[in-house]
Structure formats: C-alpha cells, structure tokens
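A quick write-up on the structure given underneath.
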Amino acid sequence: MLRMDAFTLRFAHSYEEASTLWCEATAAGDDPMYIAGGTDLLPNLKHKIFHPKRLVHLGSIPGGIEDRGDEVVIGAATRLDAIASDPNVLAHAPALARAASLVAGPQIRSMGTLGGNVLLDTRCLYYNQTEFWRRALGYCLKAEGTWCHVVGGPKTCVATQSSDTVPVLLAMDARLDLLGQTGPRTMAIRELYRYNGMDHLQIQKGELLTAVRIPKWNTSEGEFRSSYQKLRTRDSIDFPQLGLAMAGSFDGPTVRGLQIVVGAVNPQPKGVRGLDAYDGEVLGSTQIEAIADLVYKQTRPQASTHGDTAWRRQMAVVYVRRGLTALAAG
Ligand SMILES: Cc1cc2nc3c(=O)[nH]c(=O)nc-3n(C[C@H](O)[C@H](O)[C@H](O)COP(=O)(O)OP(=O)(O)OC[C@H]3O[C@@H](n4cnc5c(N)ncnc54)[C@H](O)[C@@H]3O)c2cc1C
Ligand code: SF4
C-alpha cells in the first residue's frame with residue numbers, strides 16, 4: 001500500500017476564499033497546494049512527488065457551463081463528464097466534448113475537473129513512479145535528481161503535457177480567467193505553456209484558474225468543424241501518447257482559419273505553423289498530404305511517454321489524413 005504523508009485539508013467555498021487559505025498556509029510555511037478532483041494530485045502524493053503540509057480543497061466550489069452569446073464559459077471546477085455531455089459544448093465545441101469523453105475512464109471523468117486538466121503536471125515514465133522506484137534509479141532532474149534519463153543530460157526536462165482537453169482549447173483559442181494575489185486577470189491559453197517539463201506553466205505561484213472561455217467561431221465564413229483524435233494503448237484508461245486537435249471554418253471542403261494542435265508529445269502542446277497557406281483552399285488529397293507532411297516535420301515526440309517515438313510521429317500523419325478528410329467531407 002502506498003501511504004501519503006500527513007497534511008491538513010482546508011475546504012474553500014469560493015475562489016477568493018481558496019486564495020486567502022493558500023496565502024495563510026504559505027505564510028505558515030505549509031507549502032500548500034490546491035486539490036480539485038484529486039485524480040492526478042493524489043497519486044502524485046502517494047508517490048511522494050510533492051510534500052505539501054496543507055491542501056486547499058476546491059471541490060466545494062461549483063462548476064457550470066454558460067452560453068454567454070459570443071462565448072461558452074466553463075467553470076474550472078466543472079467535471080469532465082459534465083463537459084462531455086453538455087448541449088452547449090456539443091453545439092459550439094464538439095471536439096472539446098469528445099476530448100473530455102476520452103480522458104481516462106468513467107470514474108476519473110466523474111471526479112476530474114477541467115481546471116485540473118488544464119493545469120495538470122507534466123508526466124514522465126521516470127517521474128510518475130513510486131519514491132522507491134525513483135530512488136533506485138538515482139531520481140531525475142525534475143525531482144530530487146540531477147540527470148534526465150530521457151534526453152541523457154543534466155539540463156533539460158522533457159516531461160509531457162498530457163491533457164486531452166488542452167489541444168482542443170488551444171485550437172479554439174480559449175482564454176483563461178485567473179485569480180492571484182494581484183487580483184483577477186485573463187490570459188490566452190496559448191500563453192500558458194512553455195517548453196520546460198519542470199516548470200511548464202506560466203502563471204504565478206498560488207494563482208487559481210477560475211474559468212475557461214471558449215469563443216464561438218465566426219460562422220459567416222462557413223460552418224465551424226472540429227475534431228480530436230487520441231492515440232493510446234488501452235482505450236479504457238490510458239493517457240494520450242498523441243493528441244491531435246483540428247478546427248476550422250468550412251464552406252463545403254473549402255477551409256478558412258485552419259488550426260492543428262499536437263499534444264502529448266512534449267512539455268508544450270503546439271500549434272502547427274504554416275497553415276495560413278491553405279486559407280480559402282479546397283482540402284483535396286493533395287492539400288491533405290501536404291498538411292500531413294507539415295505536421296510530420298513539426299512533430300518531435302519525446303520518449304517521456306509510452307510508445308515508440310517514430311510510431312507516434314507517424315501516427316500524427318495518419319490522424320491528420322483521417323481528421324482532415326472527415327472535416328472536408330462535413
Ligand atoms: C489512471 C489515470 C488515467 C488518466 N488518464 C488521463 C487521460 O487519459 N487524459 C487526461 O487528460 N488526464 C488523465 N488523467 C489525469 C487526470 O485524471 C485528469 O487530467 C483530470 O482532469 C485532473 O483533474 P483533477 O480535478 O482531478 O485535478 P487535481 O488532481 O485535483 O489537480 C491537478 C493539478 O491542478 C491543480 N489545480 C486543479 N484545479 C486548479 C484550479 N482551479 N486552479 C489552480 N490549480 C488547480 C492542482 O493543484 C494540481 O496541481 C488520468 C489520471 C489517472 C489516475
Ligand atoms: S524528462 Fe527527464 S528530467 Fe523530466 S521527468 Fe523525465 S527523466 Fe525526469
């Protein structure tokens with residue numbers, strides 16, 4: 001049995017209260033952390049990856065999904081299974097509903113929140129292990145050690161950002177409502193992640209995610225179509241080994257504003273560059289092959305996740321072909 005270290009649990013009923021509780025715990029030297037559904041944090045505590053003396057529980061803060069005219073706003077505390085079946089999400093961000101429906105298995109989706117998914121710690125085969133396992137290997141750069149076993153060096157950590165919802169949120173240019181010590185602010189999700197598996201989130205310590213805003217796409221140029229495809233070994237539970245989101249406005253097979261985001265291959269999910277060249281183009285097989293080639297050239301999976309890296313890279317090509325063919329066909 002894996003035992004957690006002792007900690008105190010404080011319940012917050014609003015984000016303001018959570019922020020205050022976090023400040024108090026920090027002032028007391030308790031090195032606090034927030035816990036929402038706990039589906040990622042609790043395994044990490046059992047593996048003794050983190051050592052907080054106090055947890056601030058966000059589970060009593062209500063979530064919810066609202067249609068606000070030009071955007072759909074999803075509270076950070078909203079459970080993934082609610083997102084997967086919500087009529088507003090299905091109408092305006094169907095790929096997000098699909099991504100949420102593909103996270104782990106039903107039990108985890110009924111506990112896990114969107115906030116926890118967006119702010120999920122990066123993962124690695126050499127890091128998400130028991131303390132005994134990690135100690136036997138001499139630890140690693142991300143926790144207690146000095147060496148990265150994936151890149152074979154002492155400087156870079158390439159642990160993977162492995163959230164299913166994130167590539168879709170990036171493809172749809174979502175914005176994040178945050179609450180920190182300096183008050184509330186909004187930032188684009190594309191500014192959130194950086195290529196550093198040890199410190200991949202560009203937010204302040206103790207800053208809370210309170211909501212995710214998803215813009216409704218302008219449909220005057222065509223019908224909004226999107227997709228999310230996930231590669232994993234066991235469909236019933238596994239994290240993605242590759243997550244591919246696509247979104248664009250379509251008039252028949254003619255596309256505008258095409259976005260493709262590749263996730264679960266390195267610390268920073270990234271949008272594919274060079275897709276502007278296809279604005280106003282009919283997506284036939286020649287264009288789809290050219291885009292698949294672009295994605296292949298820009299996708300460099302790291303071995304921090306299960307699955308041969310060359311296979312995961314090649315699967316990006318397969319998923320682009322399948323996804324764009326389906327989107328072009330409507
Ligand atoms: C067996 C297993 C399989 C899984 N498979 C998948 C998968 O296929 N795809 C996937 O995407 N995920 C997967 N997960 C990870 C996890 O279940 C989900 O990412 C889930 O959405 C995390 O949400 P949570 O509310 O449980 O987060 P928690 O575990 O409570 O928190 C995660 C992190 O986010 C922080 N946090 C949470 N909410 C906030 C907030 N509002 N403001 C500031 N910080 C916050 C916490 O401090 C913590 O650092 C899996 C987990 C397990 C155990
Ligand atoms: S990528 Fe390297 S440093 Fe980062 S968690 Fe994995 S082994 Fe550790």
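Bear in mind that the values here come from a model prediction, so they are computed numbers and not experimental data.
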Show the nearest heavy-atom pair for residues [X] and [Y], with the distance to one decimal.
X: Ala159; Y: Lys142; result: CB-CD, 4.2 Å
X: Val255; Y: Tyr278; result: CG1-O, 3.5 Å
X: Ile65; Y: Ala82; result: CD1-O, 4.1 Å
X: His57; Y: Ala36; result: NE2-O, 4.1 Å
X: Phe239; Y: Leu120; result: CE2-CD2, 4.0 Å
X: Gly115; Y: Leu209; result: CA-CD2, 3.8 Å

Worksheet item: Who are the side chain to side chain contact (heavy atoms under 4.5 Å, CB included) partners of Thr186, not counting sequence neighbours?
Response: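 Partners of Thr186 under the side chain to side chain contact (heavy atoms under 4.5 Å, CB included) test: Arg175, Asp177.
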Practice prompt. Mind checking side chain to side chain contact (heavy atoms under 4.5 Å, CB included) for Glu144 and listing every partner two or more places apart, or none if nothing turns up?
Written response: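 For Glu144 the side chain to side chain contact (heavy atoms under 4.5 Å, CB included) partners, ignoring immediate neighbours, are His51, Arg134, Tyr139.
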Fill in: ring-ring contact (aromatic ring centres under 6.0 Å, His included) pairs, two or more places apart, involving residues 89-133
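Residue pairs passing ring-ring contact (aromatic ring centres under 6.0 Å, His included), neighbours aside: Tyr126-His149.
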Would a hydrophobic clustering, with Ile, Leu, Val, Met, Phe, Trp and Tyr connected at side-chain separations under 4.5 Å, put [X] with [Y]?
X: Phe224; Y: Val168; value: yes
X: Ile203; Y: Phe50; value: no
X: Leu119; Y: Leu178; value: yes
X: Trp217; Y: Ile74; value: yes
X: Leu201; Y: Met187; value: yes

Exam field: side chain [X] to backbone [Y], donor-acceptor pair closer than 3.5 Å:
X: Arg109; Y: Val103; answer: yes
X: Gln298; Y: Arg273; answer: yes
X: Arg79; Y: Thr113; answer: no
X: Gln202; Y: Glu191; answer: yes

If we only count heavy atoms from C-beta on, is the [X] to [Y] side-chain gap below 4.5 Å?
X: Thr122; Y: Thr160; result: no
X: Gln259; Y: Leu275; result: no
X: Thr305; Y: Arg312; result: yes
X: Trp311; Y: Leu231; result: yes

Does [X] have more than 12 heavy atoms from other residues, nucleotides or ligands lying within 6.0 Å of its [atom1]?
X: Arg225; atom1: CZ; answer: yes
X: Arg313; atom1: CZ; answer: yes
X: Lys46; atom1: NZ; answer: no

Distance from [X] atom [atom1] to [Y] atom [atom2], nearest 0.5 Å?
X: Leu102; Y: Arg232; atom1: CG; atom2: CZ; result: 5.5 Å
X: Asn44; Y: Ile49; atom1: CG; atom2: CD1; result: 4.5 Å
X: Asn266; Y: Cys157; atom1: CG; atom2: SG; result: 11.0 Å
X: Ser304; Y: Asn128; atom1: OG; atom2: CG; result: 10.0 Å
X: Lys48; Y: Asp5; atom1: NZ; atom2: CG; result: 4.0 Å
X: Tyr34; Y: Ser19; atom1: OH; atom2: OG; result: 5.0 Å

Worksheet item: If you measure only the distance, is there a donor-acceptor pair under 3.5 Å linking the side chains of Gln241 and Thr233?
Response: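 Per modelled atom types, Gln241 and Thr233 side chains form a pair under 3.5 Å.
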Practice prompt. Please check if any side-chain donor atom of Lys205 sits under 3.5 Å from a side-chain acceptor atom of Thr26, or the reverse.
Written response: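 No.
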Worksheet item: Step by step, would you call Arg123 with Asp40 a salt bridge (Lys or Arg N to Asp or Glu O under 4.0 Å)?
Response: CA-CA 10 Å; Arg123 300 185 58 79; Asp40 191 62; 3.5 Å; yes
Item to complete: Test side chain to side chain contact (heavy atoms under 4.5 Å, CB included) on Val72 and Asp86 and set out the steps.
Response: CA-CA 11 Å; Val72 175; Asp86 182 80; 5.6 Å; no
Discussion item. Set out, in order, the CA-CA distance, both residues' side-chain angles and the distance that settles side chain to side chain contact (heavy atoms under 4.5 Å, CB included) for Val166 and Tyr193, then state yes or no.
Written reply: CA-CA 10 Å; Val166 165; Tyr193 303 104; 3.1 Å; yes
Worksheet item: So which pairs with a foot in residues 52-75 pass salt bridge (Lys or Arg N to Asp or Glu O under 4.0 Å), sequence neighbours left out?
Response: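 Counting only pairs at least two positions apart or across chains, the salt bridge (Lys or Arg N to Asp or Glu O under 4.0 Å) contacts touching residues 52-75 are Asp30-Arg54, Glu66-Arg68, Asp67-Lys216, Glu71-Arg213.
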Using residues 286-295 as the side-chain source, report each donor-acceptor pair under 3.5 Å to any protein atom, sequence neighbours left out, with the distance given to one decimal.
unit_1 : atom_1 : unit_2 : atom_2 : d
Gln287 : OE1    : Gly284 : N      : 3.1
Glu289 : OE1    : Arg321 : NE     : 3.4
Glu289 : OE1    : Arg321 : NH2    : 3.4
Glu289 : OE2    : Arg321 : NE     : 2.7
Asp293 : OD2    : Lys297 : NZ     : 2.8

Fill in: Pairs satisfying side-chain hydrogen bond (donor to acceptor under 3.5 Å, both in side chains), at least one member in residues 161-171, at least two apart
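Residue pairs passing side-chain hydrogen bond (donor to acceptor under 3.5 Å, both in side chains), neighbours aside: Asn117-Thr165, Gln161-Ser163, Asp164-Tyr228, Asp164-Lys230.
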Worksheet entry | Chi angles and distances behind the side chain to side chain contact (heavy atoms under 4.5 Å, CB included) call for Gln229, Met246 | CA-CA 9 Å; Gln229 298 179 76; Met246 298 179 207; 3.9 Å; yes
Practice prompt. For the pair Trp147 and Leu141, evaluate side chain to side chain contact (heavy atoms under 4.5 Å, CB included) and give the outcome as yes or no after the intermediate values.
Written response: CA-CA 5 Å; Trp147 190 258; Leu141 193 59; over 6 Å; no
